[in-house]
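Report on the following structure.
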There are 2 protein chains.
Amino acid sequence: MARNGSYVSEAVIRRMPKYYRYLEDLEKTGVERVSSKELSQRMGLTASKIRQDFNCFGGFGQQGYGYNVSDLKKEIMKILGLDRTYNVIIVGAGNIGQALANYTGFEKEGFFIKALFDINPKLIGISIRDIMIYDLDSLEDFLAKNPIDIAVISTPKDKAQEVADRLTRNGIKGIWNFAAIDVAVPRGVIAENVHLSDSLYTLSYRIRESLE
Amino acid sequence: MARNGSYVSEAVIRRMPKYYRYLEDLEKTGVERVSSKELSQRMGLTASKIRQDFNCFGGFGQQGYGYNVSDLKKEIMKILGLDRTYNVIIVGAGNIGQALANYTGFEKEGFFIKALFDINPKLIGISIRDIMIYDLDSLEDFLAKNPIDIAVISTPKDKAQEVADRLTRNGIKGIWNFAAIDVAVPRGVIAENVHLSDSLYTLSYRIRESLE
DNA sequence: TAGATTGTTAATCGATTAACAATC
DNA sequence: TAGATTGTTAATCGATTAACAATC
């Protein structure tokens, strides 16, 4: 997807979802075209950076005109892999697992939650928005019978790596991890670690800093 | 807190919570001392970077010995502002708001949730782990009577900026925002934007990339 | 003391910014 | 055409890495 097979830096990748958000907003408010300068002012980036970022993937603009909002949005959608659907399971039906299962927003972007798994007998058998909570023991069986693209890990910290191992052994290629540990995965598997507490501690760092 | 009043880069700040996590693990498993080299192998960073990072804040190590795990952990705790407590409110008692309220882990680090706020009459008046859900109309009144340090925004996207404005007008200095929008705050107020969907889209980006 | 490992300076690398020719 | 704005190259800046003297 990168312009030639050339390397795209982490920093650029992390900015793509942000572009997507702003372009969606622009499209929703009926804006047809946007220049890198206008976008830079809205987003708090430099126009130069924006043009460089887009040109990692291709020339989406037009000299003298700028970028067509909905075309550019579609391109970024493709870049982010949002032009297809993903089947998702959630391992750990606690607070975060349930919250994610209840949230309907990800479906709009093609992420469909197919099952939850837990070890708690009180949870096994009930369902959230028609998504069944299964016994974790049946994980391997389920994965053998259903094509799943992404697994969310929302277990306690000390179970996360073990779960990740079971997932990758059974063919899962993408892990979205909410446990407070960096899960190790074999080559070819992608793990995105969320680390909510890291985010909170960055906030407390800045609050302390601002009080100095 | 930085070594002299000198600037500490975003990249360094974002790594501090990660150090904190690894040091906590080391301490828990009874490890007394660690060298930058050992830590680098565990964490997947270079030893050089680790030493540079720590030296942004002070000389915590000892030549020929390394770092004392629990001393270093305590120093990073201070750096992150975790040597005090924070009173927290959550605005938006939906999926994420409730999940955060139910989660007890943040209390161990000194973050105490004092109240939730919502506009849904079905939620107002009930409580989660003894934390009451109040009518959003009473937000200003509550803030006038209670010293609150941090507000979580877990409202729908289109209400987030308005809520942020109300919060900052009433003295809130730290905002932990889960809505899919970058909230704008006045100078002197810290906003940490979580953007879960950005994280998910980064994952789908990498999955697509790995399939090429 | 000898060995180990930090703290820190210098070198390198990569990302960001600036500039401008190309072109719509 | 003239004006605007991209795509892209070159310059700058900052972060990372390497190296090593200081020192426990």
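All values derive from a computational prediction rather than experimental measurement. Every chain is numbered from 1 and lettered A, B, ... according to where its sequence line falls, protein lines coming before strand lines.
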#### Entry: Ion pair B:Arg15/B:Glu10, N-O distance below 4.0 Å
no

task: Would you mind checking if A:Asp83 and A:Lys78 are paired as a salt bridge, meaning a charged N to carboxylate O distance below 4.0 Å?
output: no

Review point. What is the nucleic acid contact for A:Arg33, judged by heavy atoms within less than 4.0 Å: base, sugar-phosphate only, or nothing?
Key: nothing

Chain B vs DNA chain C, heavy-atom contacts under 4.0 Å, first-to-last nucleotide span, 5' to 3', is C:dA4 to C:dA10

Near-ring test B:Tyr86/B:Trp176, centroid separation under 6.0 angstrom:
no

Decide side-chain hydrogen bond (donor to acceptor under 3.5 Å, both in side chains) for B:Tyr22 and A:Asp182; before the verdict, give the C-alpha distance in whole Å, the side-chain angles of both, and the deciding distance to 0.1 Å. CA-CA 10 Å; B:Tyr22 278 82; A:Asp182 301 306; 2.9 Å; yes

Inspect the contact between A:Glu192 and A:Arg14 and indicate whether a charged nitrogen and a carboxylate oxygen are less than 4.0 angstrom apart.
yes

Problem set entry | Whether B:Ser210 side chain and A:Gly188 backbone form a donor-acceptor pair below 3.5 Å | no

When A:Gly64 and A:Ser9 are each assigned the nearest nucleotide of DNA chain C, the 5'-most assignment goes to A:Ser9

### A:Glu109/A:Arg84 salt bridge by N-O under 4.0 Å criterion
no

A correct dot-bracket answer for DNA chain D, with pairs being Watson-Crick or G-U at under 3.5 Å, [ ] for crossing pairs and | for inter-strand pairs, is ..||||||||||||||||||||||

- Any ion pair linking B:Asp25 and B:Arg42 (charged N to carboxylate O, less than 4.0 Å)? no

**Prompt:** Are A:Arg33 and A:Tyr67 in a cation-pi contact, defined as NZ or CZ under 6.0 Å from the six-membered ring centre and within 45° of the axis?
**Reply:** no

_Under a plain distance cut-off of 3.5 Å, with no hydrogens placed, do A:Gln161 and A:Asp165 share a side-chain donor-acceptor pair?_
yes

### Task
Identify whether any heavy atom of B:Tyr67 sits under 4.0 Å from a base atom; if not, whether one sits that close to sugar-phosphate; answer base, sugar-phosphate or nothing.
sugar-phosphate

Contact check, residues 43-53 of chain A vs DNA chain C, heavy-atom distance under 4.0 Å, returns A:Thr46, A:Ser48, A:Lys49, A:Arg51, A:Gln52

